[in-house]
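Below: one structure, written as structure tokens.
Numbering starts at 1 and runs along the sequence shown.
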Amino acid sequence: MENVEHLNESIPIAPATTPPVPEYIPTPNDPPWGVGIAIGIWIFSVFLILILPSFFLIAYSATLDPPIRETAALIELAKNDRTAILVQILAIIPAHILTFFAAWLVVTRNRAYSFTKTLGWQSGGIRWWHYLAILVAFMSVAIVVSNFFPEKDNDLLRIIQSSRTVAVLIAILATFTAPIVEEVVYRGVLYSAFQRTINAPAAFLLVTVLFLVVHIPQYYPSYSTIFLLALLSVTLTALRVRSKNLLPCIILHTLFNGLQSIVIVLDPSPKIPDPAAFLIGLFK
């Protein structure tokens, strides 16, 4: 008996171990940020687009002789002075840079995670002919809509027609910066947080509406263009849902804006400032 007790005492007892906690790896549908931060990034992006052009305009007006300080005179200057219009468009560049940097900090959690992997930088099953099919379908709808509801004068059209320099600058921004920045904010930061916290259908609706609301002022009262913009927002958000990646949204958005930019560059006074402009012009 003593030998058995001695044997039991000599057998080491393994300490209890806790299973290792799996390392958190963020994905486009499981991001490391919440709805509050997502909305904050959206508000910040809108704030920059609204405020920075005003700052640039005030700075330009101060260089005039005499300087312009009255609000009514500043509004008139902003609408009719070619240099003032150019200065306001130039302000979009730092607005895009600051918005992208803020979104980058949120997505990477200050460089803790990969920006591209967190947002989804894969094709998600989307092939080149999918983009082509979407473009053809969109253009077909755009042609029908534009025939029944012709384009009306709006702020963006007046800005484009103010000078050749402004038109080219807008084309560059629309093609090379706007698709990336807007998709990162809307289909990247906003949608990823909404679909996880609420649900996918609600996220789809909220992101589509927010994207549309921000763009309405520059196209009003051109209802046909606003409708096409809503259709574009629905298409881009649906692509994000289908692919579970942001990259296809950026590619499609760039293609749409690229078509618009072709018209802006080739025609100093385009009549249809929407993504369908190029093919609409070909079929008319």
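- You'll find the side chain of D155 stays beyond 4.5 Å of the side chain of Y219, heavy atoms only.
- One distance of note links CG of L239 with CD1 of I134; it measures 5.0 Å at 0.5 Å rounding.
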Exercise answer: donor-acceptor pairs, residues 204-213 side-chain atoms, under 3.5 Å, sequence neighbours excluded:
from	atom 1	to	atom 2	distance (Å)
T208	OG1	F204	O	2.7
T208	OG1	T237	OG1	3.4

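- Note: H215 NE2 to I49 CD1 = 8.5 Å, rounded to the nearest 0.5 Å.
- The list of salt bridge (charged side-chain N to carboxylate O under 4.0 Å, His left out) pairs with a residue in residues 59-72, not counting sequence neighbours, is empty.
- For Y223, the ring-ring contact (aromatic ring centres under 6.0 Å, His included) test picks out Y220, with sequence neighbours left out.
- R82 pairs by the salt bridge (charged side-chain N to carboxylate O under 4.0 Å, His left out) definition with nothing, not counting sequence neighbours.
- Every residue meeting the ring-ring contact (aromatic ring centres under 6.0 Å, His included) condition with Y113, not counting sequence neighbours, appears here in chain and number order: Y24.
- In this structure, T197 contributes its side chain and F194 its backbone to no donor-acceptor pair below 3.5 Å.
- Using a 4.5 Å cut-off on side-chain heavy atoms (C-beta onward), C249 and E183 make contact.
- Applying the side chain to side chain donor-acceptor pair (under 3.5 Å) test to residues at least two apart or on different chains, the pairs with a partner in residues 85-101 are H96-T177.
- With a 6.0 Å radius and a threshold of 12 heavy atoms from other residues, nucleotides or ligands, Q218 has its CD atom above the threshold.
- Residue pairs meeting the salt bridge (charged side-chain N to carboxylate O under 4.0 Å, His left out) criterion with at least one partner in residues 115-127, sequence neighbours excluded, are absent.
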ask   = Are S224 and S146 close enough, and set up right, to give a side-chain hydrogen bond (donor to acceptor under 3.5 Å, both in side chains), and what steps lead you there?
value = CA-CA 6 Å; S224 61; S146 65; over 6 Å; no
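- Two residues are said to be in side-chain contact when any heavy atoms from C-beta on lie closer than 4.5 Å; V189 and W42 fail this criterion.
- For the pair A103 and I41, the tightest heavy-atom approach, listed with the atom from each and the gap, is N-CD1, 4.1 Å.
- Between P32 and T118, the closest side-chain pair of non-hydrogen atoms falls below 4.5 Å.
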task = Evaluate the criterion side-chain contact (heavy atoms from CB on, under 4.5 Å) for residue pair F138 and F256; output intermediate values, then yes/no.
result = CA-CA 10 Å; F138 186 92; F256 274 115; 3.3 Å; yes
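- Summarising the geometry, atom CG belonging to L252 is positioned 7.5 Å from atom OH belonging to Y131; distances are rounded to the nearest 0.5 Å.
- When all heavy atoms are compared, the tightest approach of A193 to P31 is N-CG, 4.2 Å.
- W104 contributes atom CH2, which lies 12.5 Å from atom CG of L119 (distance to the nearest 0.5 angstrom).
- Here the side chain of Q195 pairs a donor or acceptor atom with the backbone of S192 at under 3.5 angstrom.
- Cluster membership for V234 and L135, using ILVMFWY side-chain heavy atoms within less than 4.5 angstrom, is shared.
- Remark: F100 engages F115 in a ring-ring contact (aromatic ring centres under 6.0 Å, His included) (not counting sequence neighbours).
- A donor-acceptor contact shorter than 3.5 Å links the side chain of R240 to the backbone of R187.
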message = Let's go through S123 and L247 carefully: what are the C-alpha distance in whole Å and the side-chain angles of both, what is the deciding distance for side-chain contact (heavy atoms from CB on, under 4.5 Å) to 0.1 Å, and is it a yes or a no?
response = CA-CA 7 Å; S123 65; L247 182 60; over 6 Å; no
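- For the atom pair OG1 (T235) and CG (L228), the distance works out to 10.0 Å, reported to the nearest 0.5 Å.
- Contact between P179 and N257 at its shortest, heavy atoms only, is CG-ND2, 3.8 Å.
- No chain of hydrophobic side-chain contacts below 4.5 Å, direct or via other Ile, Leu, Val, Met, Phe, Trp or Tyr residues, connects I75 to V87.
- A continuous path of Ile, Leu, Val, Met, Phe, Trp and Tyr side chains, each step under 4.5 Å between heavy atoms, connects I93 with I180, placing both in one hydrophobic cluster.
- For T175 (side chain) and A171 (main-chain N/O), a donor-acceptor pair under 3.5 Å exists by modelled atom type.
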key: Residues I250, W121; criterion side-chain contact (heavy atoms from CB on, under 4.5 Å); working and verdict   = CA-CA 10 Å; I250 294 176; W121 227 248; 3.4 Å; yes
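- A single hydrophobic cluster is seen to contain both F176 and V168, as judged by linkage of ILVMFWY side chains at heavy-atom distances under 4.5 Å, directly or through other members.
- In this model, a donor atom of one side chain and an acceptor atom of the other lie less than 3.5 Å apart for E76 and N80.
- In this structure T116 satisfies the side-chain hydrogen bond (donor to acceptor under 3.5 Å, both in side chains) test together with S114, sequence neighbours excluded.
- Counting all heavy atoms, side chain and backbone alike, I170 lies closest to I159 at CD1-CG2, 3.6 Å.
- Applying the salt bridge (charged side-chain N to carboxylate O under 4.0 Å, His left out) rule to pairs touching residues 26-51 yields D30-R196, sequence neighbours excluded.
- Pairs of residues two or more places apart, or lying in two chains, never qualify as salt bridge (charged side-chain N to carboxylate O under 4.0 Å, His left out) while including a residue from residues 227-237.
- The minimum heavy-atom distance between G188 and L246, with the atom names listed, is N-CD1, 3.7 Å.
- With sequence neighbours excluded, no residue forms a salt bridge (charged side-chain N to carboxylate O under 4.0 Å, His left out) with E182.
- Side-chain N or O atoms of S233 include none that pairs as donor or acceptor with a backbone N or O of A230 at under 3.5 Å.
- N245 and G124 make their closest contact through ND2-CA, 3.8 Å (heavy atoms, listed as atom of the first residue, atom of the second, distance).
- A continuous path of ILVMFWY side-chain contacts below 4.5 Å connects V181 to L50, so both sit in one hydrophobic cluster.
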request  = Please assess V241 against Y191 for the test side-chain contact (heavy atoms from CB on, under 4.5 Å), listing each intermediate value before the final yes or no.
outcome  = CA-CA 9 Å; V241 175; Y191 179 82; 3.1 Å; yes
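- Here the CG-CG distance, from L77 to L64, works out to 6.0 Å after rounding to the nearest 0.5 Å.
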